[in-house]
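Accompanying notes for the structure given below.
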2 protein chains.
Amino acid sequence: MAAKSPLNRHAFVEAALEVIDEVGVDKLSMRNVAVRLDVSPMAVYKHFPAKEDLLAAALEEFITRANVIPEDDLQWDRWVNQLARGMYEALGSELSWVPLLGSLRLGTQSAAVADAFVRKLCRAGFTTEQALQAFFAVIQIVVGAVCLCASLAARRDEVAHAGADLSPVTQDYLENIDSERLRIAPVLESTLRYEQIDLGLPLLLGALKSQLAETAK
Amino acid sequence: MAAKSPLNRHAFVEAALEVIDEVGVDKLSMRNVAVRLDVSPMAVYKHFPAKEDLLAAALEEFITRANVIPEDDLQWDRWVNQLARGMYEALGSELSWVPLLGSLRLGTQSAAVADAFVRKLCRAGFTTEQALQAFFAVIQIVVGAVCLCASLAARRDEVAHAGADLSPVTQDYLENIDSERLRIAPVLESTLRYEQIDLGLPLLLGALKSQLAETAK
DNA sequence: ACCTGAACACCGTTCAAGT
DNA sequence: ACCTGAACACCGTTCAAGT
């Protein structure tokens, strides 16, 4: 191996993504990234002033690789649908990012996604302002859906009661609610079988279509 | 002070909330909670098997105190609107919870909110399934809006360029995007002045109204 | 320039021991 | 029962020093 060429930023980002892939974001440390590169833990600080900067760079690279921007030949509503699902799946496949979504800053790649979104919707007849608001609304749904998905997944990992037919969520719900309202339980159970993204996103897309019809008039 | 009565669970939750209020969720530790109660750090483990359990209990108490369930005499759409805004404001006032929203499990109080929501919408004419889906959609919007809000706030805390008229978000956007698309910048700037909750929530409420009209037919 | 070693001030958690 | 003290195996970060 070409052992001693000086390491660049990208090597650290690459190593960080590998560590995250193996043990999750929350267990990434400056030390284990360094160990993976066979380098002193403190070498990382020459390229990233703090752990947060390394994480932000890794998230940016993760978003780039997720490659969520759909082909341009789709109709706008299908385009938005596919973008949202792509983001949902990418984040869902690496749930350990989720706790950081609220605190990390996004960079170049996020701007590119925003830009593509606004151009797509403007060409479909939305105003720039509507398009940008729609973008934030879609991101909200995606981020929210991934968060809920993560917190439900955490529940499912809890020790499953032997022979229980109901999900842990429903079980807790039943423990915490008056017996008068038991009728909600089966509906809760079936609703939890949906992917979270299928709950908010269709409603949002419907609203955007009405808005477009309104604007076109 | 009645110093030596044995401490109960609630005393620890109370102390945890005080610590969080002062230094944020991310700096809460078993040790500083214990110090606040003038007790050995290890006493906490007699009541909570792990830090995560203490945090979950604290979040539950936080939600209870936020008291977000609106009065019942409001119309369903205003009721939903007020609930969502209440949750948004509560979480927004204590942004340090946000990074944990995806990973913490919710309990009794969350079930009570879900229950109130479903009952309210069912009485307005929604089916139980629609109501429950709407609940998850609303939660998605709230959680997503708070996450975005937090990540924009993190940006605003970065060193503000002297004399800059544009927000850090817009500045980064401009750095990362072709000059051809500069026209988006002013719209981005004005969109960022909205509260995040005002972007997704109105669209969602509009969609729910159409759905209700559909169902009533 | 780029990396190292040792150190500081913290963590969560375990475990045997106290009262 | 409830709490303590000491210890283990980690953290992020700083800083003077090496090459």
Side-chain angles (χ1 to χ4, degrees), chain A residues 1-59 96-97 99-100 103-105 154 157-159, chain B residues 1-59 96-97 99-100 103-105 154 157-159:
Chain A
M1 25 167 114
K4 285 291 100 169
S5 66
L7 295 169
N8 52 22
R9 251 182 87 95
H10 187 262
F12 286 96
V13 173
E14 186 72 40
L17 283 173
E18 286 171 27
V19 170
I20 288 166
D21 194 43
E22 282 172 25
V23 300
V25 168
D26 36 319
K27 290 218 171 70
L28 174 129
S29 73
M30 300 302 250
R31 280 170 165 93
N32 57 19
V33 169
V35 164
R36 172 166 296 256
L37 291 170
D38 214 7
V39 103
S40 142
M42 303 314 126
V44 189
Y45 285 89
K46 281 293 137 179
H47 299 89
F48 301 90
K51 184 185 179 184
E52 201 196 327
D53 301 283
L54 176 59
L55 275 176
L59 177 55
S96 58
W97 281 117
L100 289 175
S103 56
L104 279 183
R105 52 229 143 72
D157 285 349
E158 287 171 20
V159 228
Chain B
M1 25 164 113
K4 286 290 101 170
S5 67
L7 295 169
N8 52 23
R9 253 182 86 95
H10 188 263
F12 286 96
V13 172
E14 186 72 40
L17 283 172
E18 287 170 26
V19 170
I20 288 166
D21 194 42
E22 282 172 24
V23 299
V25 168
D26 36 318
K27 290 219 172 68
L28 174 129
S29 73
M30 300 301 250
R31 281 171 165 92
N32 57 19
V33 169
V35 164
R36 173 166 295 256
L37 291 170
D38 214 7
V39 103
S40 143
M42 303 314 125
V44 189
Y45 285 89
K46 281 294 136 179
H47 298 89
F48 301 89
K51 185 186 178 184
E52 201 195 327
D53 302 283
L54 176 59
L55 274 177
L59 177 56
S96 57
W97 281 117
L100 289 175
S103 56
L104 281 182
R105 52 227 142 74
D157 286 348
E158 287 170 20
V159 227

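Just so it is clear, the structure is predicted and the values come from calculations on it, not from any experiment. Naming convention: chains lettered A, B, ... in sequence-line order (proteins, then strands); numbering from 1 in each chain.
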Please name all residues satisfying salt bridge (charged side-chain N to carboxylate O under 4.0 Å, His left out) with [X], sequence neighbours left out, ordered by chain then number.
X     : result
B:R31 : none
B:D26 : none
A:R9  : none

Inset, instruction - List for me each residue that meets side-chain contact (heavy atoms from CB on, under 4.5 Å) alongside B:V23, sequence neighbours excluded, and say none if there are none. - result: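 So B:V23 forms a side-chain contact (heavy atoms from CB on, under 4.5 Å) with B:V19, B:K27.
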How close or far is atom [atom2] of [N] from atom [atom1] of [X], stated in whole angstroms?
X     : N      : atom1 : atom2 : result
B:R31 : C:dT13 : CZ    : P     : 11 Å
A:L28 : C:dC11 : CG    : P     : 20 Å
B:L54 : C:dT13 : CG    : P     : 10 Å
A:K51 : C:dC10 : NZ    : P     : 18 Å
A:D38 : C:dC2  : CG    : C1'   : 16 Å
A:D53 : D:dG12 : CG    : C1'   : 13 Å
A:K27 : C:dG12 : NZ    : P     : 14 Å
A:N32 : D:dG12 : CG    : C1'   : 12 Å

Inset, instruction - Could you say whether A:P49 or B:F12 is positioned toward the 5' end of DNA chain D, judged by the nucleotide with the nearest heavy atom to each? - result: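 Final value for this comparison: B:F12.
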Legend entry - Short side-chain N/O contact from B:S40 to OP1 or OP2 of D:dC3, under 4.0 Å: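 No.
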Inset, instruction - Scan residues 41-48 of chain B against DNA chain D and write down, sorted by residue number, each residue with any heavy atom closer than 4.0 Å; if none is found, say none. - result: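 By residue number: B:M42, B:A43, B:K46, B:H47.
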Inset, instruction - Under 4.0 Å from any atom of DNA chain D, heavy atoms only: list the residues of residues 17-26 of chain A that qualify, in numerical order. - result: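 Going residue by residue through residues 17-26 of chain A, none turns out to have a heavy atom under 4.0 Å of DNA chain D.
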Inset, instruction - For residues B:A57 and B:V13, report the shortest heavy-atom separation together with the two atoms involved. - result: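 In this case the closest contact between B:A57 and B:V13 is CB-CG2, 3.8 Å.
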Legend entry - Shortest non-hydrogen contact from A:S40 toward A:A34: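 Answer, listing the atom of A:S40 first, then A:A34: O-CB, 3.6 Å.
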Legend entry - side-chain hydrogen bond (donor to acceptor under 3.5 Å, both in side chains) contacts in which one or both residues fall within residues 14-25 of chain B, not counting sequence neighbours: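 side-chain hydrogen bond (donor to acceptor under 3.5 Å, both in side chains) check on residues 14-25 of chain B returns B:E14-B:R65, B:E18-B:R36, B:E22-B:R36.
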Legend entry - Selection residues 39-58 of chain A - residue pairs positive for salt bridge (charged side-chain N to carboxylate O under 4.0 Å, His left out), sequence neighbours left out: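 Listed once each, the pairs are A:E52-A:R105, A:D53-A:R105.
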Inset, instruction - Could you work out the separation of C:dA9 and D:dA9 based on their P atoms and round it to a whole Å? - result: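 C:dA9 and D:dA9 have their P atoms separated by 22 Å.
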Inset, instruction - Represent DNA chain C in dot-bracket notation, 5' to 3'. Only Watson-Crick or G-U wobble pairs with both distances under 3.5 Å count; pseudoknot-style crossings use [ ] and interstrand partners use |. - result: ||.|||||...|||||.||
Legend entry - Separation between CG of A:L54 and CG of A:L59, rounded to the nearest 0.5 Å: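 Output value for this atom pair is 11.5 Å.
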Legend entry - With A:S96 via side-chain hydrogen bond (donor to acceptor under 3.5 Å, both in side chains) - residues at least two apart: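 For A:S96 there are no side-chain hydrogen bond (donor to acceptor under 3.5 Å, both in side chains) partners, ignoring immediate neighbours.
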Inset, instruction - Can you tell me which residue pairs pass the ring-ring contact (aromatic ring centres under 6.0 Å, His included) test with a partner in residues 35-58 of chain B, sequence neighbours excluded? - result: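 Found B:F12-B:H47.
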